[in-house]
S.K.: 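My questions all concern the structure below.
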Amino acid sequence: MALLRPFLSDASLSKTLQLSHPKLMPTRTRSAMSLSQNSLRKIHSQSLKKQWAQHAVAEVSGGGVSFDDDESVFVSPSGDARGERVVVDYDWTEEWYPLYLTQNIPDDAPLGLTVFDKQVVLYRDGGGELRCYEDRCPHRLAKLSEGQLIDGKLECLYHGWQFEGQGECVRIPQLPADARIPKSACVKTYEVRDSQGVAWIWMSHSTPPNPNKIPWFENFARPGFRDVSTTHELPYDHSILLENLMDPAHVPISHDRTDWTAKREDAQPLSFKVTERTDRGFAGWWGREKDQSVPNFLRFEAPCVLQNNREIVDKNGETNYFSGLFLCRPSGQGKSMLIVRFGNTKRVPLAKLFPEWYFHQNAGKVFEQDMGFLSSQNEILMKEKVPTKELYINLKSSDTWVAEYRKWMDKVGHGMPYHFGHSTISLPKEPAVVEHAPAGLLASISASLPAKGGIGTMHAPNLANRYFRHVVHCKECRSVVKAFEAWKNVLSLVALVSTALAILVSGRQWKALLLVSTSLCLAGAYACSTAIAMNTTNFIRIHRRL
């Protein structure tokens, strides 16, 4: 949390980077809609916004705030100013997507991941090199990510076919000894690169990988720069996630008192200054309106990279650099995976007192605080099936980045499997797929209500559990949970033995000593249980009646 203070000080907004948050319809129409329906929606939308503005004036007039007209409050309330839409060439496959933090890629097992609706398997071969294939065996289509690594080769667990290198099949146990392995037994491969601690995948098979498109983050290459990085799976679309991350206005309300930097009474108007718009994204500055400054720099870059940066000059004239980096990967309809990286060149001493897993579990809490309303937002967008300008009420003083992002989607959405833009929309062609059946009745209930949380068992494989949203993707937290579980078991056993001995011995001093020992062991076991719960149990808002 001390890592976040440069963004949350009195010179900037509270808690933007508190782990809470910072391709084009073709010429032909994707979904037929009559002119009369469009006109009705437009009239209805404008009418609602006018009513809302009048209501807002009535509510805040006593505080000295007044709105002259819609334009002073809303971001493009009636759509694009000239009614024109810019469309650019875009192919979602000709991009690098963030797959995983390289430090968390297992050495002893394959890893199944998705990019939009493409399933891939990532693993390290015998030489430690990253390999990535299509996640299906050419034999009977079983997932290779359900397999195992044998001497650096990826083995399908169904019939033992083995693959290595550029997808070559090198062993089929069922073939006669004198038979050749057919070329059709090879698997499709994907190019992967390790850059600044992140494994990136190039999704195109028709266009050679373009290394110049791999994002490079200058602050992360600075001497002395240190970061805390976490990975989270989330049950809503990546565009919903990106909206949330580039929305500093929600932080005081949604994350009130998560730490000392977020307080609901600090919710206030913000200032935004867009300085760059390109075919690949946008950038600009933001800050609190009352400070009359915009010290925080935000950049969104295609396909799904967002960063917030801040520079602070100390009293000695030394510049300290702070970054909040969000690498989002669309992992299917209604699902996304996020790599979060917070770093700086000058770490607050207080932060050194906390173990890294503490920041990880706090990040999980922040995402759980958002999960309910973001999941519901995703549901409504899928249900309404109209562009966001027909549904959103975007304010200039809070939603500028959100409007910029959805308008960028108008430019490139036609080149993506699905998108929701400001003025355009392309619905998913592939339905959402539940890949694993949760174990047990409680887990299945929890899986059906991913926004509610707190019901499923720790090891139930669904996105309702923090364990499967984060811990399974993090070597640090997995080892911490295992260590606390081991200590809990040992301390509980020692407490049991001490209690038994206290009953058996006759001397008062020995009884007292053994009972003190029992108390200390039970306290230690309780502390271990608390630490395990912090890493694996969902946050639930206290205003909910359970």
Side-chain angles (χ1 to χ4, degrees), residues 4-22 49 52-53 56-57 59-81 219 242-256 261-278 281-301 306-313 319-326 342 370 388-389 392-408 422:
L4 312 175
R5 292 192 64 78
F7 296 92
L8 316 175
S9 62
D10 57 359
S12 70
L13 179 71
S14 72
K15 213 175 118 208
T16 302
L17 294 178
Q18 140 83 65
L19 280 172
S20 54
H21 323 305
K49 288 174 180 176
W52 185 89
V57 172
E59 288 290 324
V60 302
S61 58
V65 180
S66 63
F67 301 143
D68 293 330
D69 52 45
D70 287 356
E71 288 295 337
S72 68
V73 179
F74 301 118
V75 177
S76 301
S78 58
D80 299 330
N219 281 352
L242 280 166
E243 265 192 11
N244 180 239
L245 297 172
M246 60 179 67
D247 175 18
H250 86 282
V251 175
I253 304 296
S254 303
H255 309 295
D256 180 32
T261 61
K263 300 176 182 178
R264 62 181 301 105
E265 55 267 27
D266 289 339
Q268 59 192 279
L270 307 178
S271 294
F272 300 91
K273 184 180 180 182
V274 181
T275 58
E276 181 183 330
R277 291 186 183 95
T278 70
F282 57 88
W285 298 82
W286 66 271
R288 297 190 297 190
E289 187 178 88
K290 71 176 185 180
D291 295 330
Q292 297 184 336
S293 65
V294 282
N296 305 299
F297 182 74
L298 176 142
R299 177 179 295 280
F300 167 74
E301 183 179 355
L306 181 70
Q307 56 180 316
N308 259 301
N309 296 321
R310 177 101 188 260
E311 297 178 11
I312 297 178
V313 180
T319 302
N320 299 309
Y321 299 90
F322 304 85
S323 282
L325 178 62
F326 305 94
F342 283 104
D370 288 341
T388 61
K389 77 172 184 179
Y392 288 9
I393 298 176
N394 286 327
L395 303 180
K396 289 183 178 180
S397 54
S398 64
D399 308 312
T400 294
W401 300 141
V402 172
E404 289 291 328
Y405 173 62
R406 291 299 179 182
K407 289 179 181 179
W408 176 80
H422 177 70

S.K.: Does Glu265, at its CD atom, have more than 12 non-hydrogen atoms belonging to other residues, nucleotides or ligands within less than 6.0 Å?
M.R.: yes
S.K.: Should Trp401 and Leu298 count as side-chain neighbours, where that means a heavy-atom distance under 4.5 Å?
M.R.: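 Touching, per the 4.5 Å side-chain cut-off.
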S.K.: Of all heavy-atom pairs between Trp408 and Thr278, which one has the smallest distance, and what is that distance?
M.R.: CD1-O, 3.9 Å
S.K.: Please test Glu404 against Phe282 for side-chain contact (heavy atoms from CB on, under 4.5 Å), starting from the C-alpha separation and ending with a verdict.
M.R.: CA-CA 7 Å; Glu404 289 291 328; Phe282 57 88; 3.9 Å; yes
S.K.: Check the pair Phe300 / Leu242 against side-chain contact (heavy atoms from CB on, under 4.5 Å), numbers first and verdict last.
M.R.: CA-CA 9 Å; Phe300 167 74; Leu242 280 166; 4.0 Å; yes
S.K.: Mind checking whether Arg310 and Ile312 have side chains closer than 4.5 Å, heavy atoms only?
M.R.: yes
S.K.: To check you understand the geometry: which heavy-atom pair defines the closest contact between Ser323 and Asn219, and what is its length?
M.R.: OG-ND2, 2.7 Å
S.K.: Which heavy atom of Pro248 sits nearest a heavy atom of Leu270, and at what distance?
M.R.: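 Scanning both residues completely, I find the closest heavy atoms to be CG-CD1, 3.7 Å.
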S.K.: For side chain to side chain donor-acceptor pair (under 3.5 Å), just list the numbers for Asn309 and Gln307, CA-CA rounded to whole Å, side-chain angles, deciding distance to a tenth of an Å, and then say yes or no.
M.R.: CA-CA 6 Å; Asn309 296 321; Gln307 56 180 316; 3.2 Å; yes
S.K.: Would you say the ring centers of Phe272 and Trp286 fall short of 6.0 Å from each other?
M.R.: no
S.K.: Under the criterion side-chain contact (heavy atoms from CB on, under 4.5 Å), I'd like the reasoning laid out for Tyr405 against Lys407: C-alpha separation, chi angles, the key distance, then a yes or no.
M.R.: CA-CA 5 Å; Tyr405 173 62; Lys407 289 179 181 179; over 6 Å; no
S.K.: Just checking, any donor-acceptor pair under 3.5 angstrom between side chains of Asp266 and Gln268?
M.R.: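 There is no such pair (donor and acceptor under 3.5 Å, judged by atom type) between the side chains of Asp266 and Gln268.
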S.K.: Please name the pair of heavy atoms, one in Ala283 and one in Phe297, separated by the smallest distance, quoted to 0.1 Å.
M.R.: CB-CZ, 3.7 Å
S.K.: Can you check whether Glu289 reaches Ser271 side chain to side chain, under 4.5 Å on heavy atoms?
M.R.: yes
S.K.: Check whether any side-chain heavy atom of His250 sits under 4.5 Å from a side-chain heavy atom of His255, and report yes or no.
M.R.: yes
S.K.: I'd like to check the side chain to side chain donor-acceptor pair (under 3.5 Å) partners of Glu243; sequence neighbours left out, ordered by chain and number.
M.R.: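 Glu243: side chain to side chain donor-acceptor pair (under 3.5 Å) contacts with Gln377, Tyr392, Arg406.
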S.K.: Work out which heavy atom in Ser398 is nearest to a heavy atom in Asp247; give both atom names and the distance.
M.R.: O-OD1, 3.9 Å
S.K.: Let me confirm one number: the NZ-OG1 distance from Lys273 to Thr400, rounded to the nearest 0.5 Å.
M.R.: 13.5 Å
S.K.: Kindly give the heavy-atom pair with the smallest separation between Arg264 and Asp256, and that separation in Å.
M.R.: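 Shortest heavy-atom separation between Arg264 and Asp256 comes out as N-OD1, 3.1 Å.
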S.K.: Stepwise, does the side-chain contact (heavy atoms from CB on, under 4.5 Å) test hold for Phe342 with Leu325?
M.R.: CA-CA 6 Å; Phe342 283 104; Leu325 178 62; over 6 Å; no
